[in-house]
Amino acid sequence: MVNVLVTGGAGYIGSHACKALKEAGYTPVTYDNFVTGWRDAVKFGPMEEGDLHDRARLDEVFAKYQPAAVMHFAALSQVGEAMKEPGKYWHNNVAGSLNLIEAAVAAGCLDFVFSSTCATYGEHDNVVLDEDTPQEPLNAYGASKRAIEDVLRDFEAAYGLRSVIFRYFNVAGADPEGEVGEFHRPETHLIPLMLDAIDGKRAALTVFGTDYDTPDGTCIRDYVHVCDLVDAHVLGLKWLKDGKPSRIFNLGTGTGYSVREVIDRSREVTNRDVPYEVGPRRAGDCTKLVSGSVRAGDELGWSPDKSELATMIRDAWRWHQNGHYDK
Ligand code: UDP
């Protein structure tokens, strides 16, 4: 079996990626420091505890498994936190990733799949966000991811490290078989917070701003099912293994939904009331982030067929009611 080193394999997206990799015939080796990840989520391959800053530990794991590629998910990813504590993002995401990239090159592991974000684009009024849109991030989260993209570019020129970079839009949903799902502590994302409000785990959802320049005044996002998202990663790995050149792909459906539309759809899917209140804008939020690219479909053959909003909410709701991690 071919090993793939999955950093952040105990997290939301990483754990779904491990399942997809296993189903595609790879052995996913999770490397995680368990600061935000869950041991219970590591179900599809070996688990190695370690931090991105620990170069000796990284070298040990590369030597032990001789991975054919790295999928790098491990990161801090909260816009609100990034606005308040930018240093954490530069230390953890940028310095940590640089350490990982150097370890990969030293080990001769030269295929790298990286989870980047549409937050690298920043605010662009009436512009279709494709991979050539200038990157002008509004927060340290987006800036940290853009910096890692730059590191990958420079390391390709110097050492031949090839990469597939995925710029995610908003990831949602859960494994329909219920083996893994979204479980953040604390939770900051719209759909799980809304589901918490629906079943009484929190009093109400706060809608962050209703005075944006959008039809209903709330922010618009492009939601992608986590299972579709990780399928793209398996296709990206194949792309590299087929010897194709480094490439950047947006992962979004091209359809945007406002916060109010997500609330309405959740009410329909769960058949329950959604308690919410209106609050101020959250610093660092862009008005609208919707992908305008068909590159992943055209070149990778990616089809996000689970990414209908109702399907994502239904899968998230099933997980929310039945699934959780304890450790
Ligand atoms: N949002 C909200 N209330 C919340 C959490 C999020 O209104 O409690 C909004 C947020 O302003 C954004 C959208 O929901 O417009 C998605 O936010 P999330 O944090 O899920 O993802 P992000 O877009 O920041 O990656």
Side-chain angles (χ1 to χ4, degrees), residues 11-13 36 73 75-86 89 93 115-124 129 135 137-146 166-174 181-199 201-226 229 250-253 255-267 274-291 307 309 312-313 315-317 319-320:
Y12 169 41
I13 301 171
T36 56
F73 298 96
L76 298 174
S77 62
Q78 294 172 22
V79 169
E81 181 185 57
M83 294 301 288
K84 292 188 193 117
E85 297 177 81
Y89 282 71
N93 291 3
S115 61
S116 187
T117 170
C118 64
T120 60
Y121 293 123
E123 192 88 54
H124 294 273
L129 298 178
Q135 291 174 289
L138 293 189
N139 53 63
Y141 168 58
S144 71
K145 291 284 187 171
R146 184 183 63 177
F166 289 117
R167 294 187 185 144
Y168 306 166
F169 285 69
N170 284 61
V171 188
E182 184 168 16
F183 199 70
H184 296 113
R185 288 292 176 270
E187 186 53 75
T188 64
H189 293 109
L190 176 65
I191 291 176
L193 285 174
M194 183 157 30
L195 299 179
D196 274 347
I198 288 174
D199 73 1
K201 291 198 183 99
R202 70 177 51 236
L205 172 78
T206 302
V207 175
F208 293 147
T210 53
D211 59 349
Y212 284 95
D213 184 17
T214 61
D216 67 21
T218 63
C219 291
I220 294 176
R221 295 289 182 270
D222 179 339
Y223 293 87
V224 190
H225 197 298
V226 64
L229 187 96
N250 276 1
L251 293 180
T253 66
T255 303
Y257 294 96
S258 71
V259 174
R260 282 196 203 280
E261 286 174 312
V262 177
I263 291 173
D264 290 345
R265 199 60 55 83
S266 298
R267 190 181 295 115
V274 184
Y276 73 90
E277 59 195 18
V278 172
R281 290 184 178 199
R282 180 173 66 177
D285 272 346
C286 300
T287 304
K288 181 177 174 184
L289 288 168
V290 177
S291 179
S307 296
L309 185 57
M312 291 184 276
I313 295 170
D315 287 343
W317 181 230
W319 163 258
H320 193 86

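In each ligand, atom 1 is the first atom listed, and ligand 1 is the first ligand listed. Basis for what follows: all heavy atoms, side chains included, without hydrogens, waters or symmetry-related copies.
Without hydrogens or angle criteria, Arg146 side chain to Gln135 main chain gives a donor-acceptor distance under 3.5 Å. For the pair Asn250 (side chain) and Gly252 (backbone), a donor-acceptor distance under 3.5 Å is absent. Judged by distance alone, with hydrogens and angles left aside, the side-chain atoms of Glu187 form a donor-acceptor pair with the main-chain N or O of His189 at under 3.5 Å. Of the possible donor and acceptor atoms, one in the side chain of Tyr12 sits under 3.5 Å from a partner among the backbone N and O of Ala172. A donor-acceptor contact shorter than 3.5 Å links the side chain of Asn93 to the backbone of Leu76.
The distance from ligand 1 to the heavy atoms of His189 drops below 4.0 Å at these ligand atoms: 18 (P), 19 (O), 20 (O), 21 (O). Of all the atoms in ligand 1, the ones that sit under 4.0 Å from a non-hydrogen atom of Cys219 are 15 (O). For ligand 1, the atoms sitting less than 4.0 Å from at least one non-hydrogen atom of Thr206 are 2 (C), 3 (N), 4 (C), 7 (O), 8 (O), numbered in the order shown with element in parentheses. Per-residue contacts place Val207 under 4.0 angstrom from the following atoms of ligand 1 (heavy atoms of the residue considered): 7 (O). Per-residue contacts place Thr188 under 4.0 angstrom from the following atoms of ligand 1 (heavy atoms of the residue considered): 5 (C), 19 (O). Taking every heavy atom of Asp285 and a limit of under 4.0 angstrom, the matching atoms of ligand 1 come to 10 (C), 11 (O). Below 4.0 Å from some heavy atom of Leu205 lie the following atoms of ligand 1, by number and element: 8 (O).
The protein atom (non-hydrogen) at minimum distance from atom 19 (O) of ligand 1 is Arg282 NH2, 3.0 Å. Nearest protein neighbour of atom 8 (O) of ligand 1, counting heavy atoms only, is Leu193 CD1, 3.3 Å. Distance from atom 9 (C) of ligand 1 to its nearest protein heavy atom, with residue and atom name: Val259 CG2, 3.8 Å. Phe208 CE1, 3.3 Å is the protein heavy atom nearest to atom 4 (C) of ligand 1. For atom 21 (O) of ligand 1, the nearest protein heavy atom (residue, atom name, distance) is Asn170 ND2, 3.1 Å. Looking only at heavy atoms of the protein, atom 20 (O) of ligand 1 is closest to Leu190 N, 2.9 Å.
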From CA spacing to verdict: side chain to side chain donor-acceptor pair (under 3.5 Å), Glu81, Tyr89: CA-CA 9 Å; Glu81 181 185 57; Tyr89 282 71; 2.4 Å; yes

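The two residues Tyr223 and Thr253 come nearest to each other via the heavy atoms O-CG2, 3.7 Å.
Only the side chain of Arg221 comes within 4.0 Å of ligand 1, counting heavy atoms alone; its backbone N, CA, C and O stay farther away.
Val274 places none of its side-chain heavy atoms less than 4.5 Å from the side chain of Asp264.
Atom CG of Asp213 is surrounded by 12 or fewer heavy atoms from other residues, nucleotides or ligands within 6.0 Å.
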